[in-house]
Amino acid sequence: MRLLVTGGAGYIGSHVTRQLVEAGHDVTVYDNLGSGFRWATLGAPLVEADLADTARLDATLAAGRFEAVLHFAAHIVVPESVADPLKYYANNTRNTLGLLQALLRHGVRRLVFSSTAAVYGTPEHIPVSESAPLLPINPYGASKLMSERMISDLAATGALDHVTLRYFNVAGADPGGRLGQATPAATHLIKVACELACGKRERIDVFGTDYPTPDGTCVRDYIHVEDLARAHVLALDHLAAGGQSLTLNCGYGHGYSVREVLAAVERQHGQALTVRDTDRRPGDPAALVADSSRIRSALGWQPQHDDLDFIVRTALDWERSLPRAG
Ligand SMILES: NC(=O)c1ccc[n+]([C@@H]2O[C@H](COP(=O)([O-])OP(=O)(O)OC[C@H]3O[C@@H](n4cnc5c(N)ncnc54)[C@H](O)[C@@H]3O)[C@@H](O)[C@H]2O)c1
Ligand SMILES: O=c1ccn([C@@H]2O[C@H](COP(=O)(O)OP(=O)(O)O[C@H]3O[C@H](CO)[C@@H](O)[C@H](O)[C@H]3O)[C@@H](O)[C@H]2O)c(=O)[nH]1
């Protein structure tokens with residue numbers, strides 16, 4: 001298929017772009033390089049433009065005659081969304097509205113959308129299924145939930161088929177060493193811990209040790225970026241085969257605490273890390289673990305890298321190969 005990937009120069013979008021190209025698709029990336037990198041497209045054509053630039057978006061859609069769009073472009077940092085919510089509604093919600101309007105203008109009928117476990121807020125039951133209440137507790141999650149609603153309302157008119165993927169905590173890097181997370185000033189736990197292991201930070205803070213979890217630290221469902229990328233390839237196959245619109249959790253179905261993650265980084269690094277216990281970070285739910293049965297049955301998705309030490313090893317190998325990527 002001819003595909004447009006917004007945010008395809010970013011961490012997750014670049015891994016997906018690579019798998020799509022390998023699967024034989026014709027991929028164009030649309031990215032403003034705000035947090036992405038030209039090298040990360042690995043040679044796929046890049047339109048360097050902002051989603052808010054309607055003229056560039058229209059010109060791109062007119063020229064490409066795309067059969068589907070994968071929409072990754074967004075701001076993604078939970079604490080930043082608490083401090084600056086309008087930045088998140090503008091880029092994540094308003095720019096998704098603009099993209100949907102553009103898709104209608106150009107007759108693009110298939111969309112794969114990057115959503116997030118943050119739409120669930122603090123779920124009552126773990127693991128959380130797709131039918132759980134949608135009650136985000138931070139503006140990032142709310143901005144994504146609004147996008148989900150626009151997409152499903154539009155799909156209900158018959159104008160669009162979509163697969164909305166709710167990612168849990170994405171981590172790790174291309175085992176081939178070509179791609180990985182390169183964002184400066186990263187906030188994600190595994191990335192920060194790997195930077196520390198590589199001597200790029202002095203210590204890591206554990207945000208909260210009094211959560212109602214087995215060791216008092218937050219529990220998350222970490223999914224390897226390559227397994228997540230594969231879900232996108234399968235989602236496109238599903239839409240191309242005329243499959244119905246779907247909303248699917250992307251996680252493994254079990255979680256690890258912050259302390260368990262840090263122990264895995266210490267194992268892979270071979271040395272202890274300097275860790276400081278601090279207060280809770282605003283906007284963090286205690287535990288987020290996916291019920292992943294629906295994606296397994298609907299798409300036939302099967303994880304290949306459900307192994308915390310493998311996730312950490314690929315992230316650490318990538319971190320060691322930087323800063324060439326900056
Ligand atoms: N990383 C995670 O753990 C995680 C979890 C859940 C959901 N997600 C979602 O996955 C998607 C990708 O996240 P990521 O981790 O790869 O982040 P990222 O910051 O690496 O990638 C986002 C990409 O979008 C581009 N972009 C942002 N705003 C843009 C705009 N207005 N116009 C054009 N390009 C723009 C950035 O330059 C970047 O290349 C996001 O939608 C995010 O909400 C990520
Ligand atoms: O230096 C750090 C960084 C993180 N954490 C903790 O580690 C956990 C994971 O945090 P982080 O890696 O920042 O991810 P989340 O805040 O869980 O959010 C990620 O996962 C969500 C889905 O679960 C996505 O929606 C978001 O985009 C993505 O950033 C949380 O409990 C944090 O408090 C620390 O203790 N110290």
Side-chain angles (χ1 to χ4, degrees), residues 1-20 25-36 40-41 44-54 56-58 60-61 64-76 88-119 140-155 159-167 170 225 228-229 231-240 245-250:
M1 281 196 271
R2 287 187 304 279
L3 303 173
L4 185 70
V5 181
T6 78
Y11 167 50
I12 300 169
S14 63
H15 286 81
V16 175
T17 295
R18 204 204 79 243
Q19 284 200 16
L20 292 171
H25 294 292
D26 181 355
V27 183
T28 299
V29 170
Y30 190 99
D31 198 300
N32 65 6
L33 303 185
S35 57
T41 63
L46 167 69
V47 179
E48 187 181 341
D50 198 285
L51 270 181
D53 185 343
T54 311
R56 287 297 294 283
L57 188 57
D58 271 326
T60 305
L61 289 168
R65 293 176 294 109
F66 300 106
E67 292 153 279
V69 169
L70 297 95
H71 178 35
F72 296 88
H75 294 318
I76 66 153
Y88 280 69
Y89 292 115
N91 198 29
N92 298 1
T93 311
R94 188 174 65 197
N95 284 342
T96 297
L97 171 63
L99 176 66
L100 293 173
Q101 290 169 324
L103 297 188
L104 282 187
R105 281 196 295 279
H106 295 273
V108 179
R109 292 190 41 85
R110 300 186 186 109
L111 177 69
V112 179
F113 176 61
S114 302
S115 190
T116 167
V119 297
Y140 167 72
S143 72
K144 285 281 178 173
L145 179 57
M146 289 179 185
S147 297
E148 280 201 15
R149 290 255 162 87
M150 291 189 291
I151 291 165
S152 59
D153 287 349
L154 185 59
L160 188 77
D161 294 319
H162 71 96
V163 176
T164 291
L165 298 174
R166 292 182 181 151
Y167 312 162
V170 189
V225 64
L228 180 68
H232 293 74
V233 179
L234 296 173
L236 279 170
D237 291 347
H238 170 84
L239 290 175
S245 292
L246 294 169
T247 297
L248 304 170
N249 283 342
C250 297

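One-based numbering along the sequence shown.
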Donor-acceptor contact present, side-chain [X] to main-chain [Y], <3.5 Å:
X	Y	result
Asn92	His75	yes
His25	Met1	yes
Arg109	Ala159	yes
Thr93	Met146	no

Quick one: are [X] and [Y] in side-chain contact, heavy atoms under 4.5 Å?
X	Y	result
Leu57	Leu51	yes
Tyr167	Ser115	no
Tyr88	Lys144	no
Leu100	Leu111	yes

Exercise. Taking atom CZ of Arg149 as the centre, does the number of heavy atoms from other residues, nucleotides or ligands within less than 6.0 Å exceed 12?
Worked result: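 Incorrect, the count does not exceed 12.
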
Quick check for you: to the nearest 0.5 Å, what is the distance between [X] atom [atom1] and [Y] atom [atom2]?
X	Y	atom1	atom2	value
Thr54	Gln101	OG1	CD	8.5 Å
His162	Leu246	NE2	CG	8.0 Å
Asn95	Asp50	CG	CG	6.0 Å
Leu70	Leu236	CG	CG	5.0 Å
Ser245	Ile151	OG	CD1	10.0 Å
Arg2	Glu67	CZ	CD	4.5 Å

For this session: Test salt bridge (Lys or Arg N to Asp or Glu O under 4.0 Å) on Glu148 and Arg166 and set out the steps.
Result: CA-CA 10 Å; Glu148 280 201 15; Arg166 292 182 181 151; 2.7 Å; yes

For this session: Determine whether the side chains of Ser114 and His71 contain a donor N or O and an acceptor N or O closer than 3.5 Å.
Result: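 Side chains of Ser114 and His71: no pair found under 3.5 Å.
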
For this session: Answer yes when Arg105 and Asp58 have at least one side-chain N-carboxylate O distance shorter than 4.0 Å, and no when they do not.
Result: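 Asp58 and Arg105: salt-bridged.
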
Exercise. Is there a ring pair (Phe, Tyr, Trp, His ring centres under 6.0 Å) between Phe72 and His232 once you walk through the steps?
Worked result: CA-CA 11 Å; Phe72 296 88; His232 293 74; 5.1 Å; yes

